[in-house]
Student: 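Structure incoming, see below.
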Amino acid sequence: MDVSHILDDLNEAQREAVSAPAGSTLVLAGAGSGKTRVLVHRIAWLTGVAGATPWSVLAVTFTNKAAREMRHRIEHLLGQPVGGMWVGTFHGLAHRLLRAHWQEAGLPKAFQILDSDDQHRLIKRLIREMNLDDSKWPPRQAQWFINSQKDEGRRAQHLDDGGDHYQRQMIAIYRAYQEACERSGAVDFAELLLRAHELLRDRTDILHHYRERFAHILVDEFQDTNSIQYAWLRLLSGERNNLFVVGDDDQSIYGWRGAKVENIRHFQRDFPKTAMVRLEQNYRSTANILQASNAVISNNPSRLGKNLWTEDKDGDPVRVYAAFNEVDEARFVIGRISDAIDSGHRRTDVAILYRTSAQSRLFEEALLQAGIPYRVYGGLRFFERAEIKDALAYMRLVSNRDSDPAFERAVNQPPRGIGPRTLDAVRAHARDFGCSMWHAMEELLAGGSMAARAANALKGFVEVIEELQLETTDMQLADLTAQVLNRSRLPEHFKKSRDGKGQDRIENLEELVNAARQFDGISMGSDSIDLPGTEINSSTPGSIESDPIEMSELDAFLSHAALEAGDTQAGEHEESVQLMTLHSAKGLEFPLIFIGGMEEGLFPHSMSSDDPERLEEERRLCYVGMTRAMEQLYLCHAESRRLHGSDSYPMPSRFLREIPPDLVEEIRSRPDVSRPVITPAGGFNMAEETTGFRLGQRVAHPKFGEGVVLNAEGQGSSARVQVNFEAAGAKWLVVAYANLQAV
DNA sequence: GATTTAGACATTTTT
DNA sequence: TGTCTAAATC
């Protein structure tokens with residue numbers, strides 16, 4: 001294999017990282033410094049130059065998308081497929097381990113994965129069953145509690161309530177939840193990681209096997225790892241310490257979800273001989289954009305320190321637009337986008353970023369009005385849609401009748417006359433005998449003590465599932481799926497709905513059959529089943545793991561649906577402007593970036609601005625957003641914004657002040673346009689005629705300093721204006737007495 | 001069992 | 001202000 005090109009087109013720091021000697025390596029990779037590139041070239045270097053087999057390489061990412069991209073780029077660079085390499089997400093890899101060693105992990109063979117929605121429903125149900133008031137004990141909070149405990153590696157029995165009521169109750173819910181999961185053979189996302197960790201921790205034979213095998217472990221986005229993921233990596237790396245991690249502490253924006261930036265610092269402590277490489281040359285943005293971003297992030301005290309530089313030209317200044325209100329903000333942004341498109345930019349060159357998803361609506365409306373196609377990131381994904389989950393629930397019952405979450409979902413969907421009272425009886429019986437709901441239902445039916453109507457309804461359901469199970473044995477996955485639609489009568493049910501979504505739902509269900517067919521096609525080709533989030537090896541000679549993973553097509557497909565929820569919108573690859581939250585922009589780049597809502601309270605968000613650590617994370621989020629821009633960066637804030645129904649007069653974000661003024665071009669609200677004002681008399685009027693000031697105009701007050709005119713009312717001597725002062729906030733002033741000066 | 005209405009509530013999200 | 005959920009009602 002010709003490997004000469006592996007180091008050729010890399011800069012010095014990248015080369016140093018890629019060819020680092022065996023042992024632990026920490027690569028601090030700034031935004032746009034070629035992070036993925038280094039990872040991919042490192043793998044190529046290991047297998048091509050250092051003599052490692054693809055077999056011995058484990059590469060871990062956070063998202064399926066990142067995993068796919070990495071594999072793709074490795075194969076492109078090496079010019080051949082790399083079988084045997086494990087490239088996948090933490091969850092995908094943990095899942096694979098658990099499938100291979102389900103017995104040792106204490107799981108049923110056909111264990112199923114609960115997604116967050118399943119988890120939420122289950123917890124909600126349990127809280128009710130425990131006779132707790134779910135307004136006092138919100139399921140969301142319990143879910144958060146359970147997941148954060150698992151992320152820290154803690155089981156319910158390890159926890160101590162410390163005499164605290166709240167704590168005690170949460171622990172009780174955690175315990176009940178875990179028992180319910182065991183009964184149903186269900187594993188949630190956090191459980192995948194925790195179980196996989198416990199498996200390696202408690203079974204030295206298995207641990208040694210994988211330590212032997214994975215001589216090279218590489219981790220992407222290391223700053224996003226949580227405690228259990230880091231523990232898992234340490235366990236697996238063993239004494240060899242061949243851990244190659246890439247990350248950027250300045251881009252850590254998922255602390256709220258358990259990610260520990262400290263892991264980067266701990267890494268150097270835990271692996272004392274770590275080689276550290278900084279990638280500081282940026283290949284993405286112009287010098288002005290980069291300098292502005294550097295200036296903002298430098299306000300964070302706890303950084304490892306990095307200073308990005310570029311050989312690129314200065315480029316345009318960062319443009320800051322002070323909008324009159326949120327509508328004006330959207331109008332301005334869309335106006336600039338039209339201009340950019342007219343002057344030859346593609347729509348896909350442009351992204352609008354915002355802190356909260358609710359902000360997208362105004363931009364969408366403005367884009368719609370301007371007739372510019374757009375795409376919003378986020379939202380429901382294919383396998384998360386209600387109708388899809390309904391169908392999957394039937395499939396889950398076919399695979400495992402003890403799955404209570406699936407039972408609860410499918411039993412009366414479509415409605416077949418099984419009401420809350422019947423279900424309560426089934427639940428009570430299941431709880432009393434510690435069995436699954438399916439089992440409880442069978443016993444109740446056999447007992448004959450049930451009302452005839454309820455019993456018949458339940459029998460109808462039993463029949464559906466049993467028929468399905470009988471007739472789909474040895475059936476192809478796609479045919480099985482089609483048969484599920486037939487027997488469940490879900491399509492007929494949605495056909496009846498008159499909310500306009502019925503047709504969409506039916507089409508989605510048909511798409512599910514297609515998805516199953518595609519999945520079938522993939523796994524038929526290989527000699528083992530393709531597990532989501534991982535790439536399958538061919539065969540391992542005589543080892544623990546060479547035991548083929550015994551898993552039906554159906555179970556593989558169900559796992560795939562949970563671990564890889566699919567795209568937001570099917571087939572939306574049209575040339576369009578991209579809208580997304582700042583969080584989902586991480587890892588992407590666009591020639592033109594617009595960030596809206598640069599206001600105190602919104603960004604940094606009010607829920608994060610009291611705590612210094614969370615404020616730092618907000619600043620990192622700002623840094624992430626700014627560094628997405630290649631050529632032009634627009635930052636917008638509004639003088640007034642309607643938030644939850646009432647008006648607010650936010651101050652411009654502190655992050656704006658942190659940008660050196662010489663890098664900024666301020667854009668004023670169009671001064672030639674006066675806005676109409678409604679006078680108490682009832683008619684329209686121009687603010688300028690009645691008060692002498694235009695809306696949006698900057699004025700100075702002897703006591704309050706400078707501000708912007710937001711509103712005006714009244715006439716003559718009673719004319720008043722509302723001014724948003726930078727220091728004092730929004731105030732109404734009588735023009736005749738206020739002594740305001742235009743600035 | 002479906003439809004309507006009232007009430008709560010409102011960061012960020014992948015697996 | 002807009003959306004989502006849950007009780008209330010037909």
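In this text, all values refer to a predicted model and were calculated from it rather than measured experimentally. So you know, we letter chains A, B, ... as the sequences are listed, proteins then strands, and number each from 1. The figures here come from the full heavy-atom set of this structure, side chains too, leaving out hydrogens, waters and symmetry mates.
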Student: Counting any heavy atom closer than 4.0 Å, what does A:Gly417 reach on the DNA or RNA strands: base, sugar-phosphate only, or nothing?
Tutor: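 Sugar-phosphate, no base atom in range.
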
Student: Are A:Asp424 and A:Arg427 close enough for a salt bridge, meaning some N to O gap below 4.0 Å?
Tutor: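 A salt bridge links A:Asp424 with A:Arg427.
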
Student: My understanding is that only residues two or more places apart in sequence, or in another chain, count here; which of them pass side-chain hydrogen bond (donor to acceptor under 3.5 Å, both in side chains) with A:Asn300?
Tutor: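 For A:Asn300 the side-chain hydrogen bond (donor to acceptor under 3.5 Å, both in side chains) partners, ignoring immediate neighbours, are A:Arg619.
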
Student: For A:Glu387, which residues count as a salt bridge (charged side-chain N to carboxylate O under 4.0 Å, His left out) partner, sequence neighbours excluded?
Tutor: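 Listed in chain order: A:Arg505.
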
Student: Name the pairs: protein N/O against N/O of nucleotides 5-9 of chain C, kept only if under 3.5 Å.
Tutor:
residue : atom : partner  : partner atom : Å
C:dA6   : OP1  : A:Lys124 : NZ           : 2.3

Student: The criterion is side-chain hydrogen bond (donor to acceptor under 3.5 Å, both in side chains); which residues satisfy it with A:Gln178, sequence neighbours excluded?
Tutor: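 With sequence neighbours excluded, A:Gln178 shows a side-chain hydrogen bond (donor to acceptor under 3.5 Å, both in side chains) to A:Lys150, A:Glu191, given in chain and number order.
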
Student: With sequence neighbours excluded, tell me which residues meet ring pair (Phe, Tyr, Trp, His ring centres under 6.0 Å) with A:His583.
Tutor: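 With neighbours one apart ignored, the set is A:Tyr254, A:Trp256.
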
Student: Can you name the residues that form a salt bridge (charged side-chain N to carboxylate O under 4.0 Å, His left out) with A:Lys586, not counting sequence neighbours?
Tutor: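 If we apply the salt bridge (charged side-chain N to carboxylate O under 4.0 Å, His left out) test to A:Lys586, skipping adjacent residues, the hits are A:Glu221, A:Asp224.
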
Student: Test of understanding: with ring pair (Phe, Tyr, Trp, His ring centres under 6.0 Å), list the residues that count as partners of A:Trp137, not counting sequence neighbours.
Tutor: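 A:Trp137: ring pair (Phe, Tyr, Trp, His ring centres under 6.0 Å) contacts with A:Tyr166.
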
Student: Got a sec: does the CE of A:Met130 have more than 12 other heavy atoms crowding it under 6.0 Å?
Tutor: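 Yes.
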
Student: For a quick check, with a 4.0 angstrom heavy-atom cut-off, what is the B/S/- contact string for nucleotides 8-15 of chain B, read 5' to 3'?
Tutor: --BBBBBB

Student: In whole Å, what is the span from the CD atom of A:Gln413 to the C1' atom of B:dG1?
Tutor: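 Roughly 12 Å, once rounded to whole Å.
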
Student: In terms of base orientation, is B:dT11 syn or anti, with the syn window spanning 90° either side of 0?
Tutor: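 The base of B:dT11 is oriented syn (glycosidic angle within 90° of 0).
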
Student: Using ring pair (Phe, Tyr, Trp, His ring centres under 6.0 Å) as the criterion, list what pairs up with A:Trp144, not counting sequence neighbours.
Tutor: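 Checked A:Trp144 against ring pair (Phe, Tyr, Trp, His ring centres under 6.0 Å); zero matches.
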
Student: Give me the distance, rounded to whole Å, that separates B:dT14 from C:dT3 when you measure between the C1' atoms they each carry.
Tutor: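 That atom pair is separated by 23 Å.
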
Student: Dot-bracket for DNA chain B: what is it, with Watson-Crick or G-U pairs under 3.5 Å, [ ] where a pair crosses earlier ones, and | for a pair to another strand?
Tutor: ||||||||||.....

Student: Under the ring pair (Phe, Tyr, Trp, His ring centres under 6.0 Å) test, which residues partner A:Phe363, sequence neighbours left out?
Tutor: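 None.
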
Student: I'd like the C1' distance from C:dT5 over to B:dT12, given in whole Å.
Tutor: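 Per the computed distance, 22 Å lies between those C1' atoms.
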
Student: With sequence neighbours left out, what residues match A:Arg257 under salt bridge (charged side-chain N to carboxylate O under 4.0 Å, His left out)?
Tutor: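 For A:Arg257, no residue satisfies salt bridge (charged side-chain N to carboxylate O under 4.0 Å, His left out) once neighbours in sequence are set aside.
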
